[in-house]
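Atoms considered below: every heavy atom in the structure, side chains included; atoms not considered: hydrogens, waters and symmetry mates. Since we're looking at a predicted model, the values are computed, not measured.
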Amino acid sequence: MGVRILLLGNGGREHALAWKMAKSDQLDCLYVCPGNGGTAQEPKTVNVDLSTSNFPRLVDFAVENKIDLVVPGPEQPLVDGIETYFRKVGIPVFGPSKLAARMEGSKAFSKDFMARHNIPTAAFRVFTNKQIDEAIEYVETCGHKVVLKASGLAAGKGVLIPDTTEEAIVGLKEMMVKNVFGDAGSEVVIEELLTGPEVSVLAFSDGYTIVPLPAAQDHKRIGDGDVGLNTGGMGAYAPAGIATPAILEQITKESLRPTIDGMRREGFPFVGMLFTGFMLTQSGPKVLEYNVRFGDPETEALMLLLSDEVDLISVLMACANHHLDSTTIAVRPGFAVSVVLASQGYPGAYPKGKAITFKPVPSNVVVFHAGTTKSGNDIVTSGGRVLAVTAYAPSIQEALDAAYAGVDAVSFDGKTYRRDIGYRALNAIRDKAPGLTYAEAGVSVDAGNDLIEIIKPLVRSTRRSGADAEIGGFGGIFDLKATGFRDPVLVSGTDGVGTKLRVAVDVGIHDLVGIDLVAMSVNDLLVQGAEPLYFLDYYGCGKLDVGVASQVVKGIADGCRQAGCALIGGETAEMPGMYTEGDYDLAGFAVGAVERDLILPTPEIAVGDVLLGVSSSGIHSNGFSLVRKVVSISGLSYDSPCPWKTDTTLGRVLLEPTRIYVSQVLPAAKAGLLKGMSHITGGGFTENIPRVLPKNLGCYIDASTWTLPPVFKFLAQHGNIAPIEMARTFNNGLGMIVIVGPDRVDAAIAALEKGEGTVHRVGEVTAQPGVEMRNLQAWSL
């Protein structure tokens with residue numbers, strides 16, 4: 001036995017669904033309640049004269065006739081909870097539960113849902129009819145134009161778009177005091193007026209999977225050119241070209257998927273057709289409203305777009321039974337257009353019972369009935385929207401021509417229709433935008449040029465022998481001969497700043513990480529005994545903020561001056577879509593030189609050599625993933641006063657830039673006082689010091705020989721970090737370790753103490769490979 005289906009409704013939407021379902025080989029019988037003059041003409045289809053609001057009677061009918069699936073067309077039965085009645089007797093429903101149907105039944109509920117799940121939508125406030133004074137005050141002070149929406153169901157007409165504040169106040173009084181929309185207006189949503197083209201996206205869902213259909217555009221106003229009163233819809237076409245694949249992907253990712261996932265997580269999963277209206281604003285697609293059923297007249301066009309291979313019954317059953325991912329929903333290439341024929345006077349009062357005559361229509365046209373009924377041998381008008389003449393063709397113009405040929409083949413007294421359906425699509429073709437520019441792709445060449453002009457003086461401030469520090473060419477030039485080296489060996493290094501950038505972006509201080517960027521590279525050159533000569537930077541972002549970028553380069557120039565190297569070039573890459581708004585990334589590349597006979601480390605490192613530690617300025621640039629985690633659980637924010645330095649914020653202290661050791665340590669290296677150096681970066685003491693020692697040697701570090709700085713005590717305390725974990729993650733107050741022979745300790749200390757960092761004797765080289773951390777209890781809190 002085939003499938004038996006009960007379809008509720010009597011409009012053009014229901015006729016279009018019946019037309020498509022009647023093509024299924026699975027169908028045994030389709031009952032349409034109450035149906036119209038067109039549904040009764042479809043094969044295997046029977047109209048049933050029952051009230052769609054008498055749920056117990058509908059359940060009895062379904063049980064008696066062994067119905068396999070119920071498909072409610074209009075929203076009211078769904079909002080009233082019809083799904084529950086059928087679920088109790090084991091009959092699946094293609095449509096949401098009463099809880100899920102609140103997404104259409106209450107605009108206040110749906111707006112709160114969007115806010116909870118960060119779904120893009122207009123700014124809004126909700127007011128009950130007892131808050132009329134507060135609502136009026138809001139529209140007078142909100143500072144933007146508003147849209148007034150009755151929260152409840154109002155047959156698609158409960159929306160007012162006032163042009164002025166005075167009109168908004170009048171509209172509020174009509175809705176909330178005079179009750180022009182009945183109970184639907186007892187609660188009113190006041191929204192920010194969004195501007196841009198509108199599109200409708202209808203999407204199948206089984207509560208887990210969501211499959212959007214091509215975006216459609218409808219025509220709400222009664223008159224050509226979008227003038228006159230709002231209606232239920234005078235026509236539609238799909239696909240809407242304005243909804244490009246990229247926009248549809250964004251809509252699915254930012255709105256549809258979060259909606260389905262959010263409803264499921266909140267305990268009312270959505271099953272059925274989610275019909276979402278979007279405004280394509282300059283800042284992206286934003287949700288206007290949700291509907292929980294097929295749209296009308298969008299459905300008429302979309303049914304013609306579905307491929308002949310699509311069995312609509314299989315799709316509906318898959319949704320109701322939660323296995324939509326097992327079906328394929330293919331769409332034909334081309335366009336579908338639906339033109340509504342209305343009764344004269346609609347959307348106001350209109351006559352009924354006008355006889356309709358039909359002449360043959362083109363083969364690619366289907367005339368869907370809406371407000372019609374059978375009277376004797378005649379089909380007569382019985383509603384405001386009478387017919388939806390729908391056509392499919394390879395192009396929008398061909399589809400429109402066929403649809404209007406179909407319109408001409410239908411006659412009844414007072415036939416009213418719009419002659420400009422699809423005009424937006426035609427205008428888009430006619431006024432096809434000129435070729436894209438780089439700026440329209442999101443890359444501003446002008447902003448890049450502005451940045452170069454701003455940073456040129458900063459770059460010039462880093463001049464040194466060998467480089468004029470001018471930028472703007474294809475590459476930076478450095479004259480090594482001008483530096484006076486006898487037998488130089490070049491040393492290069494590259495590095496970044498890691499997740500310290502996240503803190504910089506969150507705090508809004510950007511110049512200090514520029515210093516970090518230079519420090520991380522030049523300190524690595526220094527440990528080889530090299531003098532930094534020049535530096536190049538890389539700055540990547542999604543949208544170039546000249547103010548932020550220039551602050552970063554200011555810091556880079558500061559770091560170059562401290563290191564004595566020239567900033568001779570760089571790359572600024574603006575890459576739309578690669579970074580979130582406000583984020584950027586940094587990388588640096590440094591080159592230095594050292595006389596061949598002074599390259600470090602020397603092969604003479606031996607047991608008994610002394611380790612001296614030079615103090616750090618703070619955390620430097622490593623371990624910030626752990627730092628950020630500690631801050632997140634500490635109860636403090638980056639804006640909080642720093643616990644050990646209350647005259648500044650915690651964020652500013654954490655951003656203290658990495659110390660550049662060149663001026664302090666390089667003279668001692670050039671004097672031959674040092675055997676080796678280790679820059680204490682990621683991996684702390686235990687990972688970095690062995691990199692400079694012979695493989696058969698190790699060392700010990702005595703943690704009691706210096707005082708653990710407050711920032712590290714804070715991290716250890718609030719993160720409950722063990723001392724050994726601190727030792728292999730952070731510098732713990734010593735950013736550079738130097739190795740000297742026992743006979744040169746005093747000379748080395750004397751040379752190093754001329755610099756900014758304090759010097760500590762912290763350990764010795766041993767015969768045991770690895771790093772032994774002694775007296776870690778000194779760090780206990």
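- Annotation: M575, atom CE; neighbour count of heavy atoms from other residues, nucleotides and ligands within 6.0 Å is above 12.
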Evaluate the side-chain contact (heavy atoms from CB on, under 4.5 Å) criterion for residues V503 and D506: first the C-alpha distance (whole Å), next the side-chain angles of each, then the deciding distance (0.1 Å), finally the verdict. CA-CA 5 Å; V503 181; D506 291 346; 5.7 Å; no

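- No more than 12 heavy atoms of other residues, nucleotides or ligands lie within 6.0 Å of CD1 in I477, so this atom counts as exposed by the packing criterion.
- One distance of note links CD1 of I739 with CZ of R744; it measures 15.0 Å at 0.5 Å rounding.
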Show, in sequence, the C-alpha distance, side-chain angles and deciding distance for R463 and D468, and conclude whether the salt bridge (Lys or Arg N to Asp or Glu O under 4.0 Å) test is met. CA-CA 5 Å; R463 284 175 175 160; D468 61 6; over 6 Å; no

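- There is a side-chain donor-acceptor pair under 3.5 Å between D583 and T580.
- For the pair Q664 (side chain) and G757 (backbone), a donor-acceptor distance under 3.5 Å is present.
- A 6.0 Å sphere centred on CD of E753 holds more than 12 heavy atoms belonging to other residues, nucleotides or ligands.
- Classification of R596 and D487 as a salt-bridged pair holds, one side-chain N sitting under 4.0 Å from a carboxylate O.
- Among all heavy-atom pairs drawn from C560 and L567, the shortest one is SG-CB, 4.0 Å.
- Ion pairing of R652 with E656 is present here, as a side-chain N (NZ or NE/NH1/NH2) and a carboxylate O approach within less than 4.0 Å.
- A 4.5 Å side-chain heavy-atom check between Q528 and L600 finds every atom pair outside the cut-off.
- Applying side chain to side chain contact (heavy atoms under 4.5 Å, CB included) to Y539 and the options L517, I556, D585, V548 leaves one that passes, V548.
- Ionic pairing of K670 and E595 is not present here: no N-O contact between side-chain nitrogen and carboxylate oxygen is shorter than 4.0 angstrom.
- The aromatic rings of Y661 and H679 sit perpendicular to each other, their planes meeting at more than 60°, with 30° as the lower class boundary.
- Between W706 and F685, the ring-plane angle classifies as perpendicular under the 30° and 60° cut-offs.
- Across all non-hydrogen atoms, the minimal contact from F478 to A467 is CD1-CB, 3.7 Å.
- The closest donor-acceptor contact from the side chain of T646 to the backbone of C642 lies at 3.5 Å or more, if one exists at all.
- Counting all heavy atoms, side chain and backbone alike, G496 lies closest to M520 at O-CG, 3.8 Å.
- Y579 has its ring centre no less than 6.0 Å from the ring centre of Y584.
- Between R659 and E756 there is a salt bridge, since at least one side-chain N of the basic residue sits less than 4.0 Å from a carboxylate O of the acidic one.
- Here the two rings, on H620 and F730, have centers that are 6.0 Å apart or farther.
- A donor and an acceptor atom, one from each side chain of D495 and S521, are nowhere located under 3.5 Å apart.
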